[in-house]
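Lettering follows sequence order; numbering is per chain, from 1.
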Amino acid sequence: MINSRVKPATITLSTLIIHNLAQFRIPIFQSQPYHSHHRTHRHTSKSSPEPHKPTRNLLRKPIPLLADLKQIQDPDEAISLFHDYQQMGFKHDYPTYSCLVYKLAKSRNFEAVESLLGYLQTHYIRCKETLFIGLIQHYGKAQLVDNAVELFHKMGSFNCSRSVQSFNAILNVFVDNGRSESANEMLRSCSKMGIWLNSVSFNIIIKMWLEKGDWEMARQLFDEMLEREVEPTVVTYNCQIGFLCKKGDVEGAKSLFQDMVKKGKKANAVSYALLMEGLCSLGRYKEAKKLMFDMEYQGCKLKIVNYGVLMTDLLKRGEIGEANSLLVEMKKRRVKPDIVIYNMLINYFCKEGKTTEAYRMLVDMQIAGCYPIAITYRMVVDGFCKTGEFEEGLKVLNAMLMSRHFPRMETVRCLILGLLDKGKVEDACFVLEEMEKRKKKFNFDSWEVIVKDSCTSDRSVRQLLDELVF
DNA sequence: CACCGGCACG
């Protein structure tokens, strides 16, 4: 086992920084500020002789369990709270169950999801269709297409009827996972299932053909839509506008845009963003920016995505000065940068080896109330590894783990090797130990092997790792 | 609460 008494100096340093910032009540490295609060809350409620009295609070809003459950992000903790209540004789209701199911699905704990569903089924607790739709989407994102299909077919046994919405959800899972044959098969069976395709169904199919690069088929479906008197939506047009823009045919996209307006469909911020992206990719930044002002003149509300398109282009061209001006402009217009904008800037700094700026941005964004996500942390840690600043990298990794985000395996490997190379054995141990703690939860199967494999060149390091891991 | 489209990583 790894020596757990190791306390590397860098951790103390980062803890100090966190502590200092915490004094100003800025949750710098905690993306979920409720977590620590909740921990203490649970402990007190457990030790006190009379915890929540759930039955009495039934008519009060919000029900304490549900409110608590919504604040917990650790699914294991959620389950245990759930069981606590159950043991106290609290009868769970559907909102509580569905909240827990969503939580478990989000953390990809599908085993727990299935067992909870089984419970709901045997106790005849009626589930809403949105619950199944949400789960189908989660399965799809996890590439568990077969599980999604199975759930779709099981819906009836939950006494839940399938509308076109869950049909669309499963259709989209097929398309997004490259299973166009299954999607087509599904379409052929829709009338058998008593489902009438709506505009969203057509949008998904049009997307499918466009992803295959088949413009003709996409147009054919668009025509079929009109024949069947299914009204195209702005999304129908946006899909096609986006396709043409990516091909470099901004003029074609513009005329489609005009068609849409002529038919009385109002363009939205995405329609404009797509055109702007097309213009930028043709090197026509100025026109793109002008279009952004036009859209406001046309009465279309400007969204952050429009700035995002411009920012992406500027940073791609290395125009950091212009990018900064754009940020200032956003501030003037009271458009708050979002996580995507910050990620773009941080990515730029990291790629340029400007880790100091990247780190400052990581801090600044949190002061501005925008919390890093896994991608954000990964970029900064990778950036530090690339410049050989492994101690700084560890500092950020620590913050990352504290906010319950998880690094990529390659990042961890690189960091450990770098720390060892610099003689920071204790820090390397700390990282190994933290990974060990989390490997099961994050499905981190064989990281030991990978770390060890990469050390074969250095015998002394390899021996050390053997010692650490076993 | 959540059927489809849009700026960030790999």
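- No engagement by A:N306 is indicated, since no non-hydrogen atom pair under 4.0 Å with the nucleic acid exists.
- The minimum heavy-atom distance linking A:L197 with A:V164 is given by the pair CA-CG2, 4.5 Å.
- For the 3.5 Å distance criterion, the side chains of A:S157 and A:Q121 qualify, holding a donor opposite an acceptor.
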Ring pair (Phe, Tyr, Trp, His ring centres under 6.0 Å) between A:F406 and A:Y377, intermediate numbers included = CA-CA 9 Å; A:F406 208 67; A:Y377 285 115; over 10 Å; no
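- Of all non-hydrogen atoms in A:G213 and A:F243, the two that sit nearest each other are CA-CE1, 4.1 Å.
- At a non-hydrogen distance threshold of 4.0 Å, A:N268, A:V270, A:L274, A:E277 from residues 264-292 of chain A come into contact with DNA chain B.
- Running 5' to 3' along DNA chain B, contacts with non-hydrogen atoms of chain A at under 4.0 Å begin and end at B:dC1 to B:dG10.
- Here A:K351 lies in heavy-atom contact (under 4.0 Å) with sugar-phosphate atoms only.
- The residue A:L171 sits apart from the nucleic acid: no heavy atom pair falls under 4.0 Å.
- Among residues two or more places apart in sequence or in another chain, the salt bridge (Lys or Arg N to Asp or Glu O under 4.0 Å) test is passed with A:D223 by none.
- Non-hydrogen atoms lying under 4.0 Å from DNA chain B are contributed by A:I133, A:Q137, all within residues 131-160 of chain A.
- With respect to A:R284 and A:E287, a salt bridge is recorded, a charged nitrogen being found less than 4.0 Å from a carboxylate O.
- Using a 4.0 Å heavy-atom distance criterion, A:Y102 is classed as a base contact.
- Side chains of A:Q165 and A:S163: no donor on one and acceptor on the other come within 3.5 Å.
- Residues satisfying the salt bridge (Lys or Arg N to Asp or Glu O under 4.0 Å) test with A:K303, not counting sequence neighbours, are none.
- Annotation: cation-pi geometry not satisfied between A:R126 and A:F158 (NZ/CZ under 6.0 angstrom from ring centroid, within 45° of ring axis).
- Partners of A:F222 by ring-ring contact (aromatic ring centres under 6.0 Å, His included), not counting sequence neighbours, listed by chain and number: A:Y237.
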